[in-house]
Asks: 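First, the structure itself, so that you have it in front of you.
Source: prediction; values computed, not measured.
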Amino acid sequence: MIKLFKNLTKKEMIYAFICIVLITGHVYLELKVPDYMSSITRLVKTEGSELSEILVQGSYMLSCAFLSLLCTIVIGYFSSRVASSFSATIRKKIFEKVENMGIAEIKKFSTSSLITRTTNDVMQVEMLIGMGLQAMVKAPIMAVWAIMKILNKGFEWSILTACCVAVLLFVVSTIMIIVLPRFAKVQKLIDKINGLTRENLTGIRVIRAFNAEKYQNNKFKEVNDELTNVQLFNQRCFSVMNPMMSLVMNGLTLGIYIIGAILISQAGMLEKISLFSNMVVFSSYGMQVIMSFLMLVMIFMMVPRAQISAKRINEVLDEEISVISGTFNGKTDETGTVEFKNVSFKYPDADEYILRNISFKVDKGETIAFIGSTGSGKSTLINLVPRFYDATEGEVLVDGINVKEYTLEALYNKLGYVPQKAVMFTGNVSSNVSYGDSGQKISENKIKEALKVAQAKDFVEKMEEQYESHIARGGTNVSGGQKQRLAIARAVARNPEIYIFDDSFSALDYKTDITLRKELKKYTKDATNMIVAQRIGTIMNADKIVVLENGECVGIGKHEELLKNCEVYQEIALSQLSKEELEDA
């Protein structure tokens, strides 16, 4: 928790200091009110007292009450500012941290967990600051100050107050011991609820197609019931607090008056006034002491859950990033070249290598393709170029420079990346095609040109608002093939040195695939193309084809060469095309 609070800005710390000063003043004013009540009581009971003297004491008491009200309003304002500003800062830091994480780090946290940590966990800390800044400062000051005020007012009353506080603390401690272990479980169950909800919404078509609504409902119900039961248990434990608080407070008041009545009945005439005055004051201060401890109790009930949330937030903020930006962003002697030098790769914490001793070079204007069976390491290999992962051994060079030396921005500006699963963002066609910062402004004509090359112009112009047509989150209002073409257009619009197509033509029909590749070849003749594909027809015209099998390069060359020399490539080719088709190709 303390570690997380180190993220407080200077402005937030100033606001917090103002709150502390005002809370101290607020406590002083509240504790002055019983003093004036005592004076008024004494004046009323004393013969010969003037009305003006009572009114003066009354005006002082009202002034204290009014100033106390003003302090409460200002304290509430500043504490809310500190809490909301701090939570905004933490949410921003979590978001930026996640954006800078490599794929390896992101896989350590589930999507649902990251959402919970950014929202619910931050909210728990915000609530603690908003309420705690007032109660945690106010309660100890008020308790100590009130106790000092009542110490000399009556031994019997002091013992009674101490007993009431002890009972309250015992009840609270018991509740905390029972409930505390369940707070961590609540946050994990919220993660599960978020995960199941996301899974249900994402896979709604499959769920309906397989009549799995009941299965999904039962799956959700199981986790939801578990969360409900844990929360109900916690709330039932906390429900003891209200009646216990009322019992202690009313018992204290009743006890003070019973003890006061006994003391007054046994006292002489002159002592009766003083005892009655002390009893009135003590009942007020006694309530202040109980309320102070109660405020602390309420905060301590919030602290465990906030502590767990803070720990979960720190887990994200403290995660070490494996892909660190380099320093090189200058010009290179080479342009559009990609070279792998004895590259081997294994995933973090994995025992076996996914890629072993891969070496090749592709020059500007050339097309290199990668093919192999499922799980052979094609996508993993291509992901080493944009540094989604870093090579475990060997070097990956872009334009003759190790990719680790580039600033990430400079490296990405050289690349046009089309992922295996096309990703669309909420917006319109134009905003998706011109997405990102490539160091240059993408004009409207450039967008249209990119869509034309990607064979997307026809279907876009048939849409109701054409280039301004709405695209839903994830591209759920367009087909898989349309999403792929829009993703390809996005890469084309950047005019990169190197294009990376990670199985980016799989959702296209053969006719569109052939037309698109022809247009791409014309448009990207001065750029380097790296293509991962499953279809022989997509890559047979590449300048170089790398054949992968179990993470090893078992062949490299042109289509004709590999048909003669590479058994794995022959098997793949014959599984897709007949001998006649291969001879005619």
Asks: Look at atom CZ of F233 and say whether more than 12 heavy atoms of other residues, nucleotides or ligands are closer to it than 6.0 Å.
Replies: yes

Asks: First locate atom CD of E567, then atom CG of N565, and finally report the distance between them rounded to the nearest 0.5 Å.
Replies: 12.0 Å

Asks: F360: what forms a ring-ring contact (aromatic ring centres under 6.0 Å, His included) with it, not counting sequence neighbours?
Replies: F340, F370

Asks: Please check if any side-chain donor atom of S359 sits under 3.5 Å from a side-chain acceptor atom of N342, or the reverse.
Replies: yes

Asks: Once rounded to the nearest 0.5 Å, what's the spacing between atom CD1 of I371 and atom CD of E549?
Replies: 11.5 Å

Asks: Are F345 and Y353 an aromatic pair by the rule of ring centers under 6.0 Å?
Replies: no

Asks: Is it the case that more than 12 heavy atoms not belonging to K452 sit under 6.0 Å from its NZ atom?
Replies: no

Asks: CG of N529 to OG1 of T524: how many Å apart, nearest 0.5 Å?
Replies: 4.0 Å

Asks: Pairing donors with acceptors under 3.5 angstrom, does anything connect the side chains of E126 and S87?
Replies: yes

Asks: Is the backbone N or O of F220 less than 3.5 Å from a side-chain atom of N224, with the two atoms forming a donor-acceptor pair by type?
Replies: no

Asks: Would you kindly say whether D191 and T116 are connected by a side-chain donor-acceptor distance under 3.5 Å?
Replies: yes

Asks: For residues 396-408, which residue pairs qualify under salt bridge (Lys or Arg N to Asp or Glu O under 4.0 Å), counting only residues two or more places apart or in two chains?
Replies: D399-K414

Asks: Is it true that the side chains of N495 and K446 contain a donor and an acceptor less than 3.5 Å apart?
Replies: yes

Asks: Indicate whether the side chain of T327 and that of Y406 have a donor and an acceptor atom separated by less than 3.5 Å.
Replies: no

Asks: Side chains of N329 and T407: any donor to acceptor distance under 3.5 Å?
Replies: no

Asks: Not counting sequence neighbours, which residues clear salt bridge (charged side-chain N to carboxylate O under 4.0 Å, His left out) with D390? List them please.
Replies: R387

Asks: Assess, by modelled atom type and distance only, whether the side chains of N428 and S469 contain a donor and an acceptor separated by less than 3.5 Å.
Replies: no

Asks: Nearest 0.5 angstrom please: C566 SG to H559 NE2, how far?
Replies: 12.0 Å

Asks: Assign the ring pair F501 / Y499 to parallel, tilted or perpendicular, where the plane angle (0 to 90°) is split at 30° and 60°.
Replies: parallel

Asks: Do Y435 side-chain atoms and R490 backbone N/O form a donor-acceptor pair below 3.5 Å?
Replies: no

Asks: Which heavy atom of L451 sits nearest a heavy atom of A489, and at what distance?
Replies: CD2-CB, 3.9 Å

Asks: Under the criterion side-chain contact (heavy atoms from CB on, under 4.5 Å), which of L384, T392, L381 is the partner of V343?
Replies: L384

Asks: Nearest heavy-atom pair of V125 and S309: which atoms, and what distance?
Replies: CG2-CB, 4.3 Å

Asks: Would you find a donor on one side and an acceptor on the other, under 3.5 Å apart, between the side chain of K483 and the backbone of A422?
Replies: no

Asks: For T335 and K364, which heavy atoms make the closest approach, and how far apart are they?
Replies: O-CB, 3.1 Å

Asks: Indicate yes or no for a side-chain donor-acceptor contact from K341 to the backbone of K361 under 3.5 Å, with no hydrogens or angles considered.
Replies: no

Asks: Ignoring hydrogens and geometry, is there a side-chain-to-backbone donor-acceptor pair from R91 to T119 under 3.5 Å?
Replies: no

Asks: Any donor-acceptor pair under 3.5 Å linking the side chain of D502 with the backbone of V532?
Replies: no

Asks: Looking only at heavy atoms, which two atoms of G551 and I358 are closest? And how far apart?
Replies: O-CD1, 3.7 Å

Asks: Examine distances only and state if a side-chain atom of Q124 and a backbone atom of D121 form a donor-acceptor pair shorter than 3.5 Å.
Replies: no

Asks: Closer than 3.5 angstrom, by distance alone: can the side chain of R117 be matched with the main-chain N or O of R312 as a donor-acceptor pair?
Replies: yes

Asks: Is the backbone of Q455 close enough, under 3.5 Å, to the side chain of R485 for a donor and an acceptor to pair up by distance?
Replies: yes

Asks: Quick check against the 3.5 Å criterion: does T528 have a side-chain atom that pairs as donor or acceptor with the backbone of E366?
Replies: no

Asks: Taking the inter-plane angle between the rings of Y417 and F388 on a 0 to 90° scale, is it parallel (under 30°), tilted (30 to 60°) or perpendicular (over 60°)?
Replies: perpendicular

Asks: When rounded to the nearest 0.5 angstrom, what distance separates CD in Q216 from CD1 in I204?
Replies: 8.5 Å

